[in-house]
Amino acid sequence: MAEDKTITLTLKVWRQKNAEDKGHFEIYKAKDINENMSFLEMLDVINDTLTLNNQTPIAFDHDCREGICGSCGAMVNGVAHGPVSGVTLCQLHMRSFNDGDTVVIEPFRAKSLPVIQDLVIDRTAFDRIIAKGGYISVKTGSAPEANDTPIEKKKADASFDAAACIGCSACVAACPNASASLFVSAKVSHLVLLPQGHAEKKRVVQMVDQMDKEGFGGCSNAYQCQAACPKEIKVENIARMNREYIKEKSIR
Amino acid sequence: MAKLKSNEPSGPVSEKWEKHKFDMKLVNPANKRKLKIIVVGTGLAGASASASLGELGYNVHTFTYHESARRAHSIAAQGGINAAKNYCNDGDSVQRLFFDTVKGGDFRAREANVHRLAENSVKIIDHCVAQGVPFAREYGGLLDNRSFGGAQVSRTFYAKGQTGQQLLLGAYQAMMKEVEAKTVTLHTRAEMMDLVVVDGKARGIIVRNLLTGELEKHAADAVVLATGGYGNVFYLSTNAMACNVTSTWRAHKKGAYFANPCYTQIHPTCIPVKGDYQSKLTLMSESLRNDGRVWVPNAVGDHRPAKDIPEDERDYYLERKYPSFGNLVPRDLASRNAKEQTDLGKGINGGLAVYLDFADSIKRLGKDTIEARYGNLFDMYQQITGTNPYESPMMIYPAVHYTMGGLWVDYNLESTIPGLHVLGEANFSDHGANRLGASALMQGLSDGYFIIPNTIGHYFGSNDLGKVTTDAPEFDEALNNVQEKINQLVNIKGSKTVDHFHRELGLLVWDKCGMARDKAGLEEALKRIPEIRDEFWDNVNVTGDGQFNQTLEKAGRVADFLEFGELMCQDALHREESCGGHFRTEHQTKEGEALRNDDDFCFVSGWEYNEGKKAKLNTEDLTFKDVPLSQRSYK
Amino acid sequence: MLKLSTIQKKQIVGITGLAMVGFVLAHLSGNFLIYKGPEAFNGYAKFLHDLGALLWMMRAGILASFLLHMGFTINLVITNRKARVNRYYKYQNHRSESSLATQLMPLSGSIILIYIIFHLLDFSLADKVGIIQGIDYGLYGLVINTLKDPIHAVLYIISMASVGLHMYHAFQSVFQTFGLMSEKNQPRLVLASKVLGVAITLGYSSIPVYIMMNF
Ligand SMILES: Cc1cc2nc3c(=O)[nH]c(=O)nc-3n(C[C@H](O)[C@H](O)[C@H](O)COP(=O)(O)OP(=O)(O)OC[C@H]3O[C@@H](n4cnc5c(N)ncnc54)[C@H](O)[C@@H]3O)c2cc1C
Ligand code: HEM
Ligand code: FES
């Protein structure tokens, strides 16, 4: 088999000890990086070197490394999850870079997503939003037979597309207003599109209120979220959320 | 050697669970609030258990080392979940799912448990649909099914290639609802470091707050572990990076028996290893074998590109050897056959890979249909490998995927430590020596939604639990031990990384205790593992301090793998037979199939920790009344 | 401000904005009468005046829309800036998804605000006297005389470009805000919005250009 190509990069990485630390950039040389490596594997290599030099490795969250758990993520040259659309940082491969590139790596930033260390951020605000209504209330054991309620395929598919959200917060990170509208609307859409989820009307209001309370911004329809979303979730969901919101507020 | 008792109820297998549900003791609703349950893990098993126990009114405290409960490894499951709904009218039934699972497990599972699992499968689908899990549907709006390995019926429910994600989100959301209702208290970035046993009963855990590094003591009336499998002992696996054996291993050291650690599943369709920088392997869902055909070139040394190899010079070896199941043989068979082909030198370019080819299906069904079925998997493949699977066949190779072994539990999912219950992949229960595709999700949810809510009440109802607080000396003792170990790790300041040792251990066990095992290899591994372990404790470099420190987290987990790996090899060495995922080369038929030894090994091995010495063996005898013992055949 | 959610505030911004779009279009059609000569133009102004109470109601409506629009956008902009306190060292417009018009909404809006103040001082609050070659043409003359001045004319055109730029994003955006946007109709709405923005800029700007060329 042909030899894999290797490249050398200059990394400019955000280092921050803890939430209180001001943080700063640190420059690292990434030498002879195999282009078949994933971006996180490239960071592994840097971290190995740092460790062997008794320096603290770069902290970053990651787990599944196949784009589904939503743990990973960083701004790469100013773009959430890096230059390839429709993938997470762990799915980004080094063949997307050129020899000699400088790569700026920053954590996802927003007031409501404070940095914990280096590239690790606190996304618990998302959990608190879900807790306010991101579910269908059905007690274990009380469900009717699954095929009793047919669901129009188009709706079921749209619901699935919205449910594909991995909660990585790239939408917030990319938004000029640090709004969580895409995240919230994806959950609202997933559930409201299904007959099972239709009954809980207050969901949308409670979730939006919690989003505001957490300190996320409002939506200015700039659609940066849609462009950043690794699961290509559409702003159509935000329109649906707005619609559901009006319906609920005006009916009462 | 003691005999382990399954505590299953008497009577015909199909009536046991109903009978048991009636016989079990109940807890008065007002008293449930006063009972505190610790659940460790928020995967399918842990989240579903937390949600259901919270609904019942128990005071539930749930822990996960993840930053959010939704990140648990279950999220990555792709292919689907089985249920005996018989929506396809193809002859499925609870009885058949039960039969397939016992047989698929190569007759090393407990019949009563498997039957209960098959019964619950139906309710799981109902519940998940009611929760809003967007399963795939047909145009008419009803649920769609596909088939998976080891079955001749279509009983697998799926949500594109993201079934685990959707099921987990359902369970996670149900749990978050209980968090809002204050019946569940969620502790994230909180890693269980030890189990606390007081008066012989599980009464609490020691937790490390991963943000601050502080150790915390938590007391409870019962502890539930749902912490997943130990596949990462092999370093490279399809498991998420953080999956580990710590919680079950620490529980084992506190007295819980570890069952069948040598039963590990090697999944046949993964993206082959490339380069030594590789950090994990990616699974290509088994569902692909519905429409993909596995083949290698006929001739050793045929290194032409796939498209230049004519039909009659290809060997579709699964279809050839197993005409009735073809590409859909169970995983252990598919994996071992791939290894056999590459051992013969017939792998692609002579290496460790075989083809999974969709050309025929694309021709027959059209690219659109294939894209609708597997679009995201194909994209994932292209993203990783840089080649387009619509144009040239996928290259695949087996990789570690799932662990059938785990803490021993009885019919009530209670371990040998009273009050310690174990759910999901963390227990050994229902899959015997080989798990069929789409049945882990089913088991995790069956355990969490439908079994533990009943059996834990029975535990409370039949035990007089005194009050225990974190002031008990057992808590301090456990905490001090954990602290000491952490101090030790950060002070070694050696010259090798944690990953270095993990990789070394992984390669060793993959080689000696992987797809094929033999006495000599296992003995060698048993000699090497303690050496690696000693070097680890001598020469590992854990930088940073005791606060938020990802290297330290990893080091603690690898330290436990280095102990656990030995038990895994010991079990493999002891089990002088081949069954399911455990293939001892000394024990095979003339055709190279696994040869069971039912006379001497028709039992579950439950290993008992023995401080400083070899673990002690206890066994649970298995009897097969409803699915008669037979040589598995998929021909 | 009040107990309104960001969505509700944005909806107020949208509905008031839409009202002002209506106003801007009506205003433009009135302005076009300048091409018909002084009688037509001044007659239109008189017609409006003669509406009396109705005119005052319209003025109150437009003023309320204006104040609400401004108030809530300022409030939202502050909320949004606060949410985004942590800025990036390097930030790129993601896959060029958002247009310059979108990014410049606060700027174009602010220019409109400044413009409106001067606009009121120039025309509404000034004496309606406009002497051209010794004859007083009233409001008609005032407009001609004001916009004859190249500096005035250029500033007026820049302001109208800002209005157009605001519209370029704003019109379609209202549909998203009220949940009427879907993947299907989005391209058409975006196009309509762009056409509207350009048309308003060209329409309004044609007047100073016409005046400069003819007077
Ligand atoms: C790539 C892949 C695809 C799969 N596809 C399928 C499929 O299609 N169908 C199928 O049936 N099965 C599939 N499986 C198997 C299945 O996903 C798993 O067996 C199952 O999800 C395990 O669920 P669990 O709840 O037991 O554990 P996990 O989901 O692994 O959850 C473990 C939880 O425990 C927590 N935890 C662990 N240790 C600690 C500790 N010490 N302290 C605190 N918290 C701890 C973790 O944070 C996590 O929340 C697949 C597996 C893989 C790897
Ligand atoms: C005081 C002057 C003005 C200021 C400061 C201003 C500012 C803004 C800002 C910042 C927004 C974006 C709000 C957001 O997305 O969060 C906006 C939206 C909008 N503006 Fe203005 N604006 C002004 C005048 C006008 C005028 C005169 C009109 C009409 C001709 C107008 C019509 C609109 C419309 C229709 C929207 C879109 C609302 C939506 O997206 O739903 N604005 N304005
Ligand atoms: S590590 Fe799971 S999405 Fe990237």
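Within every chain, numbering begins at 1; the chains are lettered A, B, ... in the order of the sequence lines, protein sequences first and strands thereafter.
- Summarising the geometry of A/Lys139 relative to B/Glu55, their closest heavy-atom pair is CA-OE1, 3.4 Å, with the distance given to 0.1 Å.
- Only the side chain of B/Gln166 comes within contact range of chain A, with at least one heavy atom under 4.5 Å from a heavy atom of that chain.
- B/Glu180 contributes atom CD, which lies 5.5 Å from atom OH of A/Tyr135 (distance to the nearest 0.5 angstrom).
- Only the side chain of B/Gln165 has a heavy atom closer than 4.5 Å to any heavy atom of chain A.
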Report all side-chain donor-acceptor pairs from residues 133-141 of chain B shorter than 3.5 Å, counting only partners two or more places apart or in another chain.
residue	atom	partner	partner atom	Å
B/Arg137	NH1	B/Gly141	O	2.7

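- A salt bridge between B/Lys274 and A/Asp4 is present, with a side-chain N of the basic residue lying under 4.0 Å from a carboxylate O of the acidic one.
- For B/His66, the part sitting under 4.5 Å from any heavy atom of chain A is the side chain, from C-beta outward, and nothing else.
- More than 12 heavy atoms of other residues, nucleotides or ligands sit less than 6.0 Å from atom NZ of B/Lys493.
- For B/Ser74, no part lies near chain A; criterion is any non-hydrogen pair under 4.5 Å.
- Contact of B/Ser495 with chain A is made through the backbone alone, with heavy-atom distances under 4.5 Å.
- With hydrogens and angles ignored, the 3.5 Å screen pairs a side-chain donor or acceptor of B/Gln173 with a backbone N or O of A/Gly134.
- Put simply, of A/Gln196, A/Arg95, A/His190, the one with the most heavy-atom pairs under 4.5 Å next to chain B is A/Arg95.
- For A/Ile166, the parts lying under 4.5 angstrom from a heavy atom of chain B are both the backbone and the side chain.
- Only one option out of A/Thr51, A/Asn53, A/Asn54 pairs with B/Asn541 in a side chain to side chain donor-acceptor pair (under 3.5 Å); it is A/Asn54.
- Options A/Ile136, A/Ile68, A/Asn18 differ in how many heavy-atom pairs under 4.5 Å they form with chain B, and the most are formed by A/Ile68.
- Proximity to chain A (any heavy atom under 4.5 Å) is restricted, for B/Gln162, to the side chain, taken from C-beta onward.
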Checklist entry - Passes salt bridge (Lys or Arg N to Asp or Glu O under 4.0 Å), B/Lys280 versus A/Glu41? Steps please. => result CA-CA 9 Å; B/Lys280 82 155 284 202; A/Glu41 283 165 352; over 6 Å; no
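- Neither the backbone nor the side chain of B/Leu168 comes within contact range of chain A; no heavy atoms are under 4.5 Å apart.
- Comparing A/Lys17, A/Lys155, A/Gln91 by how many heavy-atom pairs each has under 4.5 Å with chain B, the most go to A/Gln91.
- Heavy-atom distances place the side chain of A/Asp44, and not its backbone, under 4.5 Å from chain B.
- Closest of all the heavy-atom pairs between B/Ile125 and A/Ala146 is CG2-CB, 3.9 Å.
- Contact of B/Ile271 with chain A is not made at all, since no heavy-atom distance falls under 4.5 Å.
- For A/Gln117, the part sitting under 4.5 Å from any heavy atom of chain B is the side chain, from C-beta outward, and nothing else.
- In this structure, the portions of A/Ile151 lying under 4.5 Å from any heavy atom of chain B include both its backbone and its side chain.
- Considering CD of B/Gln383 and SG of A/Cys90, their distance stands at 9.5 Å, rounded to 0.5 Å.
- Only the side chain of B/Leu169 comes within less than 4.5 Å of a heavy atom in chain A; its backbone stays farther off.
- Heavy atoms closer than 4.5 Å to chain A are found in both the backbone and the side chain of B/Thr282.
- For B/Lys85, the part lying under 4.5 angstrom from a heavy atom of chain A is the side chain only.
- Rounding to the nearest 0.5 angstrom, the gap separating the OG1 atom in B/Thr385 from the CG atom in A/Asn36 is 8.5 Å.
- B/Lys177 touches chain A through backbone and side chain together, each having a heavy atom under 4.5 Å away.
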